[in-house]
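Every heavy atom of this structure was used, including side-chain atoms; hydrogens, water molecules and symmetry mates were not.
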Amino acid sequence: MTDRKTPVSLVLGSGGARGLAHIGVIRALNDSGKYTIQAVSGSSIGALIGGLYAAGKLDIYEAWVAELSATNVWSLLDFSFTSTGLFQGDRLIDKLGDLVGNQRIEDLDIAFTAIASDIEHRREIWLDNGPLFEAIRASIAIPGFFTPVLRDGCTLVDGGLLSPLPIAPIKSIGASHLVVVSLNGAEKEPPRAADAAHDEDTEEGAPGWLQNVKERIGLASSAEDSDSAIEIISKSLEAMQDRIARYQMAAYWPDTLIEIPVNACDVLDFHRANEMIELGYQLGKQVIDT
């Protein structure tokens, strides 16, 4: 009797900081002993986590992101002085580049595809060759938030706009089991996070200058507002992506679907990494063990 593992094509969806749950799902898949991840495709945060995993650098990234505070997150978002985006994003990408080094997609041990949206030609672009972080940088370029990437005459922005669950690019790999991780699952009553108060530098405890900057650029709500500008943007994107994702899964229904609740955390809550990784692990384990 052989103990062969089932080869998996893994699709990692878009959804901001909720995508840190992808790390936990990957851990759950590997810990199960049932599967071997043969190929990964991802949009936005899914491209980031998937690319790091394919490059064998996910442990390094996890150790780094687990130590981030709210102020650390904001210090990595450098303001753009152009009209194409609120943030340049170079400081964040440079930091990630320092962590993982320079790699090309075609040299990775696991097949990888990052998805970006070509807004000039209104099409999705499959980035499966060339510099890894150029592909990731394009896939995470939320319009109006991060500046776009120019590549081969195309203006590339966040892959989640047109393909929040990029299943089609990975179907050609031929792995026998398709696992899809959606970050737009049904809302659930959020548990009180055990580490909600572990960091005095949370949203409520952030330094006054940080909160003031956020309010001035519309990224924090006032007492009179129900939603901040970033919440309105993120909710709009989530509504659109949820509808597109439904069509994508109707065309290619996965063998295994793992859904992270859409209200698990806010789009920029990267300081809640440990909580999101654990959530992904537990939800992934529940589905895998079923």
With a 4.5 Å limit on heavy-atom distance, are the side chains of S14 and I115 in contact?
no
If two hydrophobic side chains count as joined below 4.5 Å and joins carry through other members, does I260 share a cluster with V65?
yes
For the pair E259 and V287, evaluate side-chain contact (heavy atoms from CB on, under 4.5 Å) and give the outcome as yes or no after the intermediate values.
CA-CA 9 Å; E259 295 184 289; V287 174; over 6 Å; no
Could you tell me if the side chain of R18 sits less than 4.5 Å from the side chain of N184, heavy atoms only?
yes
Test side-chain contact (heavy atoms from CB on, under 4.5 Å) on L52 and F112 and set out the steps.
CA-CA 10 Å; L52 290 167; F112 172 68; over 6 Å; no
Verdict with supporting geometry, R137 and T147, side-chain hydrogen bond (donor to acceptor under 3.5 Å, both in side chains)
CA-CA 10 Å; R137 173 68 177 84; T147 53; 2.8 Å; yes
Quick one, T113 with I170, criterion side-chain contact (heavy atoms from CB on, under 4.5 Å). Give me CA distance, side-chain angles, the key distance, then yes/no.
CA-CA 8 Å; T113 304; I170 211 169; over 6 Å; no
Kindly work out whether a path of hydrophobic side-chain contacts (I/L/V/M/F/W/Y, heavy atoms less than 4.5 Å apart) joins L132 to L156.
no
So with a 6.0 Å cut-off around CG of D109, is the heavy-atom count from everything else above 12?
no
Below 4.0 angstrom, N of the basic side chain to O of the carboxylate: do R27 and D59 qualify?
yes
Quick one: do E278 and Q282 satisfy side-chain hydrogen bond (donor to acceptor under 3.5 Å, both in side chains)? Show the steps, please.
CA-CA 6 Å; E278 179 63 19; Q282 294 301 328; 2.6 Å; yes
Please tell me if the side chains of E187 and P261 come closer than 4.5 Å, counting only heavy atoms from C-beta onward.
no
Tell me, do N102 and F133 make a side-chain contact under 4.5 Å, heavy atoms counted?
no
For residues Y281 and L257: do they belong to one hydrophobic cluster (side chain heavy atoms under 4.5 Å, members Ile, Leu, Val, Met, Phe, Trp, Tyr)?
no
Could you check if a side-chain atom of V11 sits within less than 4.5 angstrom of a side-chain atom of P254, using non-hydrogen atoms only?
no
In the structure I gave you, are the side-chain heavy atoms of T6 and K34 within less than 4.5 Å of one another anywhere?
no
Using a 4.5 Å cut-off on heavy atoms from C-beta on, say whether the side chain of V179 contacts that of Y35.
no
So, do Y53 and H22 sit near enough that their side-chain heavy atoms are less than 4.5 Å apart?
no
L283 vs V25, test: side-chain contact (heavy atoms from CB on, under 4.5 Å). Steps then yes/no.
CA-CA 7 Å; L283 292 178; V25 171; 6.0 Å; no
